[in-house]
Amino acid sequence: MTVKAFGALAADKPLEALDIERRTPGDHDVQIDIAYCGVCHSDLHTVRSEWAGTLYPCVPGHEIVGRVSAVGAHVSRFKEGDLVGVGCMVDSCQHCHSCAEGLEQYCEGTGMVGTYNGPTPDAPGHTLGGYSQQIVVNDKFVLKVSHSEDQLAAVAPLLCAGITLWSPLRHWNAGPGKKVGIVGIGGLGHMGVKLARALGAEVVAFTTSEDKRTDAKALGAQDVVVSRNADEMKAHAGSFDLIVSTVAASHDLDAYTSLLARDGTLVLVGVPEHNHPSPQFASLIFRRKAIAGSMIGGIAETQEMLDFCAEHGIVSEIEMIPAQAINEAYERMLRSDVKYRFVIDTASLNA
Ligand code: NAP
Ligand code: ZN
């Protein structure tokens with residue numbers, strides 16, 4: 001089936017309208033009419049080949065929500081008309097230790113297959129993402145959405161931004177009695193503030209943007225630190241149990257490890273084009289501090305996060321755009337000029 005999409009033909013080319021092919025649903029497949037797709041900074045990194053290995057044409061998009069339009073013969077969990085989501089993965093080996101534990105993002109067999117730029121037998125040999133009208137996905141990688149339909153566009157970013165913060169917040173036990181910092185109040189970071197607060201933690205937002213101070217409080221932060229201000233940073237020295245950095249550029253990690261309490265952890269989720277400068281060992285060993293990383297989240301915990309958000313009325317703060325505005329949206333994202341996630345209305349693909 002031929003569907004309309006938006007993507008890039010090369011790293012130095014803007015995104016443009018493309019026609020792509022989707023497979024006929026197999027026995028275990030769910031065909032989804034995509035309603036909305038969030039715009040993640042990873043889309044930009046990939047389209048512009050800032051990480052190695054981008055395959056073209058590149059159709060990004062891994063914050064997908066829509067309605068089921070067909071199911072394969074062996075699919076029992078979904079039926080036509082259901083509201084569903086697809087996040088960053090569409091397959092994994094399903095057999096290894098990590099897959100068995102529901103942590104498919106760390107699949108040690110084939111590796112997880114990304115929703116875009118991942119290996120697939122489908123044409124053109126790599127997966128094509130959600131900046132498109134439809135997608136066909138193995139039912140194991142389809143999530144149920146129980147938010148109301150009018151919230152659907154604002155649910156889309158939960159499929160990557162939401163789970164990427166939820167997974168480390170849960171793994172490192174963010175909750176009552178814990179002080180949690182979220183660094184970089186963009187697409188991921190603003191969800192981190194909302195989720196950490198909803199989990200009951202004390203939340204401090206770190207931003208380079210003075211104009212996000214008021215917003216960050218409205219999102220749920222009890223305190224906001226403008227990280228360029230040394231005195232504001234110092235006021236929190238040695239006090240955090242957990243800090244999650246979503247910053248999409250290389251930055252000084254010591255500035256944040258110095259804010260951790262004994263046994264505190266700085267978790268990196270931002271994936272900048274260039275490495276961070278090496279941290280100082282002294283900033284870690286004297287108080288048994290750790291620096292860790294975390295990648296998205298497994299399918300089971302993504303469902304857990306979606307259900308938690310539906311129950312607590314949590315969605316993303318979004319600015320809706322037509323697909324034709326995507327190149328300008330990328331430029332604005334680079335200037336941190338988005339409050340707080342662009343979401344493509346795929347109806348614009350018909351234009
Ligand atoms: P985003 O919306 O652009 O947000 C990043 C935020 O980082 C910006 O809003 C800005 O916040 C801050 N920032 C940007 N440049 C900075 C700089 N030079 N110094 C300090 N702060 C800076 O991006 P996103 O979609 O949230 O993604 C963030 C990163 O996470 C990207 O690298 C993305 O690829 C990665 N990612 C990782 C995973 C994972 O599984 N680990 C999943 C998805 C995305 P302030 O204005 O508040 O400073
Ligand atoms: Zn993403």
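Just so you know, these numbers use all the heavy atoms, side chains as well, and skip hydrogens, waters and symmetry mates. Counting starts at 1 for both ligands and their atoms, following the listed order.
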| request: Would you please classify the geometry between the F206 ring and the Y256 ring as parallel, tilted or perpendicular, with 30° and 60° separating the classes? | output: perpendicular
| task | Could you label the plane-to-plane angle of the F308 and H312 rings as parallel, tilted or perpendicular, counting under 30° as parallel and over 60° as perpendicular? | result | parallel
| message | Can you report which non-hydrogen protein atom sits closest to atom 5 (C) of ligand 1, along with the distance? | response | T246 O, 4.0 Å
| said: Side chain, backbone, both or neither: which applies to R341 and ligand 1 if a contact is any heavy-atom pair less than 4.0 Å apart? | reply: side chain
| In terms of side-chain geometry, is the basic nitrogen of E63 or R341 positioned less than 4.0 Å from the acidic oxygen of its partner? | yes
| request: Check each heavy atom of A249 against ligand 1 and say whether those closer than 4.0 Å belong to the side chain, the backbone, both or neither. | output: side chain
| query | Considering only protein heavy atoms, which is closest to atom 40 (O) of ligand 1, and at what distance to one decimal place? | reply | I296 N, 2.7 Å
| said: With a heavy-atom distance limit of 4.0 Å, tell me whether W51 approaches ligand 1 through its side chain, its backbone, both, or neither. | reply: side chain
| message | Tell me the protein heavy atom at minimum distance from atom 42 (C) of ligand 1, and give that distance in Å. | response | T164 OG1, 3.3 Å
| remark: Of all protein heavy atoms, the one nearest atom 2 (O) of ligand 1 is G187 N, 2.9 Å
| message | Between E210 and R228 (salt bridge meaning N to carboxylate O under 4.0 Å), is one present in this structure? | response | no
| atom 21 (N) of ligand 1 [closest protein heavy-atom partner, distance rounded to 0.1 Å] | V247 CG1, 3.5 Å
| said: Any carboxylate oxygen within less than 4.0 angstrom of a Lys/Arg side-chain nitrogen, looking at R23 and D29? | reply: yes
| field | Lys/Arg N to Asp/Glu carboxylate O, K79 vs D82, below 4.0 Å | value | yes
| said: Going by side-chain hydrogen bond (donor to acceptor under 3.5 Å, both in side chains), Q133 matches just one of N350, D33, T2. Which one? | reply: N350
| task | Could you tell me whether E273 and R48 make a salt bridge, using a distance below 4.0 angstrom between a side-chain N and a carboxylate O? | result | no
| Min N/O separation L188 to ligand 1 under 3.5 Å | yes
| field | For atom 23 (O) of ligand 1, the protein heavy atom that lies nearest, with its residue and separation | value | H41 CB, 3.2 Å
| query | What part of S294, side chain from CB on, backbone N/CA/C/O, both or neither, has a heavy atom under 4.0 Å from ligand 1? | reply | backbone
| field | Atoms of ligand 1, numbered as shown, that sit under 4.0 Å from any heavy atom of M333 | value | 3 (O)
| Which option, V271, T207, I185, owns the non-hydrogen atom nearest atom 11 (O) of ligand 1? | I185
| H97 NE2: over 12 foreign heavy atoms closer than 6.0 Å | no
| task | Compute the shortest N/O to N/O distance between Y340 and ligand 1 and return yes if it is under 3.5 Å, no if not. | result | no
| task | Could you check M89, K140, Q105 and say which one makes a side-chain contact (heavy atoms from CB on, under 4.5 Å) with I299? | result | M89
| query | Which bit of K212 gets closer than 4.0 Å to ligand 1, counting heavy atoms only: side chain, backbone, both or neither? | reply | side chain
| remark: Looking at H62, the N/O/S atom that lies nearest to the Zn ion (ligand 2) is called NE2
| said: Quick test: of every protein heavy atom, which one is nearest to atom 4 (O) of ligand 1, and how far off is it to 0.1 Å? | reply: G186 CA, 3.4 Å
| query | So which protein heavy atom does atom 12 (C) of ligand 1 come closest to, and at what separation? | reply | G184 CA, 3.9 Å
| task | Examine V269 against ligand 1 and note whether any of their N/O atoms are separated by less than 3.5 Å. | result | yes
| request: Answer yes or no for C160: is there an N/O/S atom below the 2.8 Å cut-off from the Zn ion (ligand 2)? | output: yes
| message | Any non-hydrogen side-chain atom of K4 less than 4.5 Å from a side-chain atom of D19? | response | yes
| said: Quick test of your reading of the structure: of S42, C160, G297, whose heavy atom lies closest to atom 33 (C) of ligand 1? | reply: S42
| Pair E202 + R197: basic N to acidic O under 4.0 Å | no
| Is the closest N or O pair between F206 and ligand 1 shorter than 3.5 Å? | no
